[in-house]
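In what follows, a single structure is set out as structure tokens and then discussed.
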2 protein chains.
Amino acid sequence: MATIYDVAKRANVSAMTVSRVINNGSSIKESTRLRVEKAIKELDYIPNRSAQSLISKDTKLLSLLITDVANPFFTSIARGAEDKAHEKGYQLVFSNSDENIEKETSYIRSAVSRGIDGMLLTPSGDFSIQNINILTKYKIPFVLVDRSLKGIESDIVHGDNSDGTKKLMDHLFENGHRTIGFVTGPSSISNVRERGDAYKQFIKDNKLPFNEKWTFQTDLARMQTLSYINLLLEASKEDRPTAILCSNNFLAADLVNNMNKMGLHVPDDISVVCFDDPHAIQMPNSFFTVVNQPAYKFGYTGMEMLIDRIEGKSGKEHKEIVYDTELIIRQSTKKIN
Amino acid sequence: MATIYDVAKRANVSAMTVSRVINNGSSIKESTRLRVEKAIKELDYIPNRSAQSLISKDTKLLSLLITDVANPFFTSIARGAEDKAHEKGYQLVFSNSDENIEKETSYIRSAVSRGIDGMLLTPSGDFSIQNINILTKYKIPFVLVDRSLKGIESDIVHGDNSDGTKKLMDHLFENGHRTIGFVTGPSSISNVRERGDAYKQFIKDNKLPFNEKWTFQTDLARMQTLSYINLLLEASKEDRPTAILCSNNFLAADLVNNMNKMGLHVPDDISVVCFDDPHAIQMPNSFFTVVNQPAYKFGYTGMEMLIDRIEGKSGKEHKEIVYDTELIIRQSTKKIN
DNA sequence: CTGTTAGCGCCTTCAG
DNA sequence: CTGAAGGCGCTAACAG
């Protein structure tokens, strides 16, 4: 709890000199610098950032707002973001919005209140625009990750949703699947829309049978895949999809967990594919055939863009970085006749 | 960027009155409160926490220092911790120490500098005591998670390492395994030691064959399991272990990934078990037989203890919470003759 | 190379 | 119920 004055007194200098030593500012006589450093060490003095921030208007605090760290996709983003932030001397406040707009609002408000220098976020949906407006009003730089916002111009990092979807559909198609179901999230989320559009496009382009019935939309936070499975179970084998495309990993895990409970086997009865690996680390015997996005890079590069913008190193135009996806074929899909 | 004075001016009151409204302090005439609230809204005024902290000495900022969020065990801890923090109106700064003492020191120093109200941490090892001393000196409450520190009295949450190890060993024993290898981390980590002790104890109690050779110790951040696998490969089938106990999930994943590359099959050639699930979420077709610890609860309860202590709701004595572990039998182990 | 003065935005204390 | 003065810990701006 020593203050700069305690150090000053002990080193027989003014507080200003101590301040200069701390921030290795302008020239200081070697002998006094040594004396000050000694006093700092002896008193275990650590500068008070709140006081510094009050003057400098910056905090070296960044906010990372994602929907759920427990989702390995976001876990990797968080890790990447923290790595870059640490490299650049920033700390990260992290929060989980759980796809909930009110939670998002409250987090953003308290982040602003904290005087964060910038924010890296995955908006919960298009309504998030009202939250983004708070950032804009307070002139707080932000970078979007994984999801864009209709009508909002900003720096953004995301994956190629259309191409990724196509890769998944191609894989299924090549393996003989024609009736392909789709389990997805709310259409207020940009990537959900993009994946959905690409799914429909593929069906159209390849003249596949289409039945609205096999498209199931649910909340990303409270998934209700059971009702979909019941639908599957009620249908005859000829009518029902032989494969299902899931918008994300959590949906896929939930779906397959439930299918197992209900006696539907993957991939023997139905193949399942999804976006994003459900594991944060490489696992032996992984199950899902997925299209993987470089989540770590999303976080790392997103954070880099953010810091560049904060430090005035980016131009006026906004940057968009789109990463390629990678198809990884594993055990959740199988070739049919 | 409106300040309390801007609001005051607009509402025709003094700054003090605005302050009272913000902190719903002592009685204020309804009409003036309304006027102030209107002004606040009109100006989009958000109080400056740095300024508040300078006076109040608290920040409602907590620090979560773990070794690596990407490890699902810590991911769950982080989620639990954030949930409780949010419930109680605190925000979380999170950092990854990567089992690195210097990184840990620097994170702790900057957390102190930020004026965090408390810290929830997994120390990287017994040397972390020097870092803990910084917290103690600055009277910052902290709670240890998963790892204790020799000679440090503090609140702590962890799993029952001895019993967990015993469950794993029992399972292997019941499945006919007698020569059981051990892949582990540095002994400066309390839970590594405890698991190692329990492993040796089990061998002793059951008069199993023991060969120092089959115990392999490596760095938890940069695992070197390949050399161990070479050892396995060089040995005759009669000599080498039929099962391996790994101190943690990452070690096990790395080991098995490498074994696969080198042509050793799990569980056909060798069974493998470990502490902690390698998945943050329930997965269909999970591979590892593990003893699972309630990581989410570690974070949630640990955070609760921390906040209780910060808010003066815990007694003088330190609390230790020990959670039971749960054996989950899956595909990485198999019965032998 | 070093010190003095003033003030960042807010709240505590004390008046009224 | 409301306001004025002062200061939290630090640094910018200006001396010297």
Side-chain angles (χ1 to χ4, degrees), chain A residues 1-40 43-61 109-110 112-117 138-140, chain B residues 1-37 39-40 43-61 109-117 138-140:
Chain A
M1 281 312 184
T3 76
I4 204 169
Y5 284 101
D6 299 325
V7 177
K9 189 182 281 180
R10 187 174 195 103
N12 256 311
V13 293
S14 74
M16 205 45 233
T17 302
V18 179
S19 172
R20 288 193 180 100
V21 172
I22 295 168
N23 307 296
N24 30 184
S26 50
S27 33
I28 288 183
K29 212 201 294 174
E30 189 58 17
S31 65
T32 65
R33 143 165 285 126
L34 255 36
R35 244 183 319 137
V36 170
E37 279 168 352
K38 186 157 164 279
I40 288 179
L43 292 173
D44 266 306
Y45 168 71
I46 300 183
N48 180 327
R49 246 223 162 266
S50 292
Q52 292 177 320
S53 296
L54 205 51
I55 297 169
S56 69
K57 307 295 175 207
D58 68 22
T59 52
K60 294 285 177 186
L61 239 204
R109 295 190 67 83
S110 73
V112 171
S113 162
R114 285 242 128 75
I116 52 147
D117 294 342
Y138 274 82
K139 298 198 174 54
I140 296 177
Chain B
M1 279 311 183
T3 76
I4 204 169
Y5 283 101
D6 300 325
V7 178
K9 189 182 283 179
R10 188 175 195 102
N12 258 311
V13 294
S14 74
M16 206 40 238
T17 303
V18 179
S19 173
R20 288 195 180 98
V21 172
I22 296 167
N23 308 296
N24 28 189
S26 49
S27 34
I28 288 184
K29 211 200 293 171
E30 189 59 15
S31 65
T32 67
R33 139 164 288 125
L34 254 37
R35 245 185 317 136
V36 171
E37 278 167 353
I40 288 179
L43 293 172
D44 265 307
Y45 168 71
I46 299 184
N48 180 327
R49 249 226 159 262
S50 292
Q52 291 177 319
S53 296
L54 206 50
I55 296 169
S56 69
K57 306 297 175 206
D58 67 25
T59 52
K60 294 282 176 190
L61 240 204
R109 295 188 67 83
S110 72
V112 171
S113 164
R114 286 239 127 75
I116 52 146
D117 294 343
Y138 275 80
K139 298 199 174 54
I140 296 177

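Model, not experiment: these values are computed from the prediction. Numbered from 1 within each chain, the chains take letters A, B, ... in sequence-line order.
- For D:dG3, the OP1/OP2 oxygens have a side-chain nitrogen or oxygen of B:Ser14 closer than 4.0 Å.
- Taking only distance into account, the side chain of A:Arg20 meets the base of C:dG3 through a donor-acceptor pair shorter than 3.5 Å.
- Side-chain contact between B:Glu30 and B:Leu34 is present, with at least one heavy-atom pair separated by less than 4.5 Å.
- For the pair B:Lys57 and C:dC11, the criterion of a side-chain N or O lying under 4.0 Å from OP1 or OP2 is not met.
- Between A:Gln52 atom CD and D:dA12 atom P the separation is 10 Å, expressed in whole Å.
- Toward the 5′ end of DNA chain C lies the nearest nucleotide of A:Thr32, the other residue of the pair A:Tyr5 and A:Thr32 mapping further downstream.
- The interatomic distance linking B:Tyr138 (OH) with D:dG9 (P) rounds to 12 Å, in whole Å.
- Rounded to whole Å, atom C1' of D:dT2 lies 13 Å from atom CZ of B:Arg33.
- Both B:Thr17 and A:Tyr45 lie close to DNA chain D; mapped to their nearest nucleotides by heavy-atom distance, the more 5′-ward contact belongs to B:Thr17.
- Heavy atoms only, all atoms of each residue included: B:Leu54 and A:Ala51 are closest at CD1-CB, 3.6 Å.
- To the nearest 0.5 Å, atoms CD (A:Glu37) and CD1 (A:Ile28) are separated by 9.0 Å.
- Applying side-chain contact (heavy atoms from CB on, under 4.5 Å) to A:Arg114 and the options B:Asn48, B:Leu61, B:Ile46 leaves one that passes, B:Leu61.
- Of the listed nucleotides (D:dT2, D:dC8, C:dG3), D:dC8 has the atom at the smallest distance from the side chain of B:Ile55.
- Closest approach of B:Asp117 and B:Thr59 over heavy atoms only: OD1-N, 2.9 Å.
- For A:Leu54 and D:dC10, the CG to P distance is 12 Å, given to the nearest whole Å.
- Atom-to-atom, CG of A:Asn48 to P of D:dT11 comes out at 10 Å; the value is rounded to the nearest Å.
- Side chain of A:Lys29, nearest nucleotide from C:dC11, D:dT11, C:dT2: C:dT2.
- A:Met16 has its CE atom 16 Å from the P atom of C:dA6, to the nearest Å.
- We find that CG of B:Leu34 is positioned 16 Å from C1' of D:dC1, with the value rounded to whole Å.
- Between A:Asp58 atom CG and D:dC10 atom P the separation is 16 Å, expressed in whole Å.
- In this structure, A:Ser19 does not reach the D:dC10 phosphate: none of its side-chain N or O atoms is under 4.0 Å from OP1 or OP2.
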